[in-house]
Amino acid sequence: MKCDSIDNDDDSDNDDDQRSTFKTYRSKNMRIFSGIQPTGSLHIGNYFGAIKQWLDYQYEDECVFCIVDLHAITTSYDTENLQKLITEKAIIYLAAGLDPEKVIIFVQSRVKEHTELSWLLNTITPLGELYRMTQFKEKSEKNKKNENAGLLNYPVLMAADILLYDTELVPVGEDQKQHVELARTIARKFNSTFGETFVLPKSKLASQGARIMSLTDPKKKMSKSDGEANYVSLFDSPEKIRKKINSAVTDAQKTIKYDKKNKPGISNLLTIYSLFSGKPIKDIEKEMKGKSYKALKNVVAETTVDSLEPFRKKREEFLSRDVFVEEILKQGEKRARILAETKMHEVRKKMGLQN
Ligand code: ATP
Ligand code: MG
C-alpha cells in the first residue's frame with residue numbers, strides 16, 4: 001500500500017494492538033472511508049486532495065466512499081437540485097475510476113445509522129472542541145444568514161460517518177485533517193467511557209495536492225461553495241478552463257518560483273501543473289525560467305484541458321446511464337447498511353440503550 005503521509009500525531013494508544021484485534025473479524029486489509037459533499041461542481045482540489053488518493057486503495061483495501069448529502073444541507077441549497085447533484089457526484093466517482101464491484105459507493109442519508117450515531121456522539125463531544133474547528137469558524141462567517149447548529153455539529157456527523165465503519169484511514173484534503181483528529185478524540189472518549197468499541201481513525205493526506213488554493217484568492221483553499229471563478233471543475237469546458245486559469249490571481253513580481261508564503265498564486269499554478277504533468281516543481285521552474293506569467297498560465301491551462309478531457313468523455317457516457325448509476329448506489333447502500341447496522345447494535349448495547 002502507498003502511504004504518502006499518514007497523520008501520525010501519536011499518543012498513548014497502541015495502534016498495532018488495536019489493528020490486530022479488528023483484523024480478527026475482517027478479511028481484507030485496511031478499512032478506508034471518505035466522502036464528498038454534493039454542494040457544487042467537483043473541482044481539481046477535490047480530485048487531488050481526495051479522489052485520486054482513493055484510487056490507490058480500491059484493490060487492496062476495504063473501501064467505503066460516501067456522498068455526504070447530510071453535510072451539504074448545512075449551507076443554503078436548492079432542494080430541487082440536490083438529487084441531481086448526488087447523481088453527478090456518483091458519476092464523478094465512477095468517471096475517476098472507482099470500481100463499484102470493489103468499493104462501496106453510497107448516499108449518506110439513505111443509511112439512517114449515520115444520524116443515529118451522530119446524536120449519540122453529540123452527547124460525549126465537548127462543545128469547546130466544536131467551537132475551535134476552523135471550518136466552523138469560516139463557514140459560520142460566510143453563512144451569516146444561516147448560521148445553524150448543523151455547521152457546529154458537522155464534525156460530529158463526520159465522526160459518525162467514519163466510526164460507523166471501523167475506519168482506520170481517511171484519505172482527505174488538508175482542511176479535513178482537524179475533523180479526523182476530532183473523530184479520533186471522540187472515539188477514544190467513547191471507548192474509555194463505554195468500553196472498547198471504535199477503531200481510532202487517522203487521516204491520510206496526499207504528499208502533493210492536499211491543499212489546492214483558490215484561483216481568485218490564493219491564500220484560501222479552492223472550494224466548491226466559494227463561487228465559480230475560484231475553482232476549475234473537473235467538467236469545465238476547455239474555454240472555461242483557459243479563462244479561469246488566465247484570470248488567476250498572481251502577484252506583482254515577475255519570477256516564476258515556488259514560494260508558498262510570498263507567491264501563493266504562482267506556487268498554486270506550479271503545483272497544479274506539476275500534478276497534471278507529473279513533472280517535479282524544480283524541473284518546471286527551470287523550464288519556465290525567464291518566461292512570463294502569461295506563458296506559465298498558458299501551459300497550465302493547456303495541460304489542465306488535456307488532462308481533464310477523459311473526465312469529460314466518461315461523464316458523457318455515464319450521463320446516459322443514470323439507471324445503472326442508481327443501481328450502483330442501491331447496491332452500495334445495501335452493503336453499507338449491513339456494516340452500519342452491526343456497529344450500531346454494538347453501540348446501543350454499550351450505551352445501555354438496548355439489551
Ligand atoms: P465546500 O466548499 O462545499 O465545503 P469543498 O470544495 O471543501 O466544498 P468537500 O466536499 O467539503 O469540498 O470536500 C471533499 C474532499 O475534498 C475532502 O477530502 C476535502 O478535504 C477535499 N478538498 C476540498 N477542497 C480541497 C482543496 N482545495 N485541495 C485539496 N483537497 C480539498
Ligand atoms: Mg469543504
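Quick caveat, the model's predicted, so the values are computed rather than measured. Start at 1 and go down the list; that is how both ligands and their atoms are numbered. Atoms considered below: every heavy atom in the structure, side chains included; atoms not considered: hydrogens, waters and symmetry mates. Index from 1, following the sequence.
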I'd like to check whether Tyr154 has a polar contact with ligand 1, where a contact means an N/O of the residue lying under 3.5 Å from an N/O of the ligand.
no
One should read off an interatomic distance between Ile281 CD1 and Lys286 NZ, to the nearest 0.5 angstrom, of 13.0 Å
Is it true that, when you exclude Lys142 itself, more than 12 heavy atoms of the residues, nucleotides or ligands shown sit nearer than 6.0 Å to its NZ? yes
field: Close approach of Lys139 to ligand 1, heavy atoms, under 4.0 angstrom
entry: yes
Atom 3 (O) of ligand 1 sits nearest the protein heavy atom Thr39 OG1, 2.9 Å
- Query: Is it true that atom NZ of Lys189 has more than 12 heavy atoms of other residues, nucleotides or ligands lying nearer than 6.0 Å?
  - Reply: yes
re atom 11 (O) of ligand 1, the protein heavy-atom contact at minimum distance is Gln37 NE2, 3.0 Å
| query | More than 12 heavy atoms of other residues, nucleotides or ligands under 6.0 Å from NZ of Lys313: is that the case? | reply | no
From the list Tyr93, Tyr47, Phe318, ring-ring contact (aromatic ring centres under 6.0 Å, His included) partner of Phe311 resolves to Tyr47
Closest non-hydrogen atoms of Glu168 and Asn29, given as atom of the first, atom of the second and distance, are OE2-O, 4.0 Å
Between Tyr165 and His114, ring centroids under 6.0 Å
yes
Centroid separation Phe276 to Phe48 less than 6.0 Å: yes
protein heavy-atom neighbour closest to atom 19 (C) of ligand 1 works out as Asp175 OD1, 3.4 Å
for atom 24 (N) of ligand 1, nearest protein heavy atom and its distance come out as Lys221 NZ, 2.8 Å
Tightest non-hydrogen contact, residues Lys350 and Glu196, listed as NZ-O, 2.9 Å
protein heavy-atom neighbour closest to atom 6 (O) of ligand 1 works out as His43 NE2, 2.7 Å
Heavy atoms of Leu275 and Gly209 approach each other most closely as CD1-CA, 3.7 Å
Ligand 1 atoms nearer than 4.0 angstrom to some heavy atom of Gly209 are 29 (C)
Check: N/O of Ser34 under 3.5 Å from N/O of ligand 1, yes or no?
Finding: no
Within the 4.0 Å heavy-atom cut-off, what Ala210 brings close to ligand 1 is backbone
Near Ser225 (heavy-atom distance under 4.0 Å), the atoms of ligand 1 are 1 (P), 2 (O), 3 (O)
In short, Ala210 meets Leu205 closest at the heavy-atom pair CB-CB, 4.2 Å
One finds that the ligand 1 atoms under 4.0 Å from a non-hydrogen atom of Lys224 are 2 (O), 5 (P), 6 (O), 8 (O), 9 (P), 10 (O), 12 (O)
The single option from Lys177, Gln178, Lys139 that satisfies side chain to side chain donor-acceptor pair (under 3.5 Å) with Thr134 is Gln178
the protein heavy atom lying closest to atom 14 (C) of ligand 1 turns out to be Ile36 CG1, 3.5 Å
Practice item. Please indicate whether any nitrogen or oxygen in Glu174 is less than 3.5 Å from any nitrogen or oxygen in ligand 1. Key: no
Do any nitrogen or oxygen atoms of Ile212 lie less than 3.5 angstrom from nitrogen or oxygen atoms of ligand 1? yes
Are any of the N or O atoms of Gly173 closer than 3.5 Å to those of ligand 1? yes
Ligand 1 atoms nearer than 4.0 angstrom to some heavy atom of Ser223 are 2 (O), 6 (O)
heavy-atom search around atom 13 (O) of ligand 1 in the protein gives Asn46 ND2, 3.9 Å
Under 3.5 Å: N/O of Gln135 near N/O of ligand 1 = no
*asked:* What I want to know is whether Pro171 and ligand 1 share at least one N or O pair that is separated by under 3.5 angstrom.
replied: no
For a 4.5 angstrom cut-off between non-hydrogen side-chain atoms, does Leu152 reach Leu127? yes
Report task. Say whether Gly45, considering both its backbone and side-chain N or O atoms, lies within less than 3.5 Å of an N or O atom on ligand 1. Result -> yes
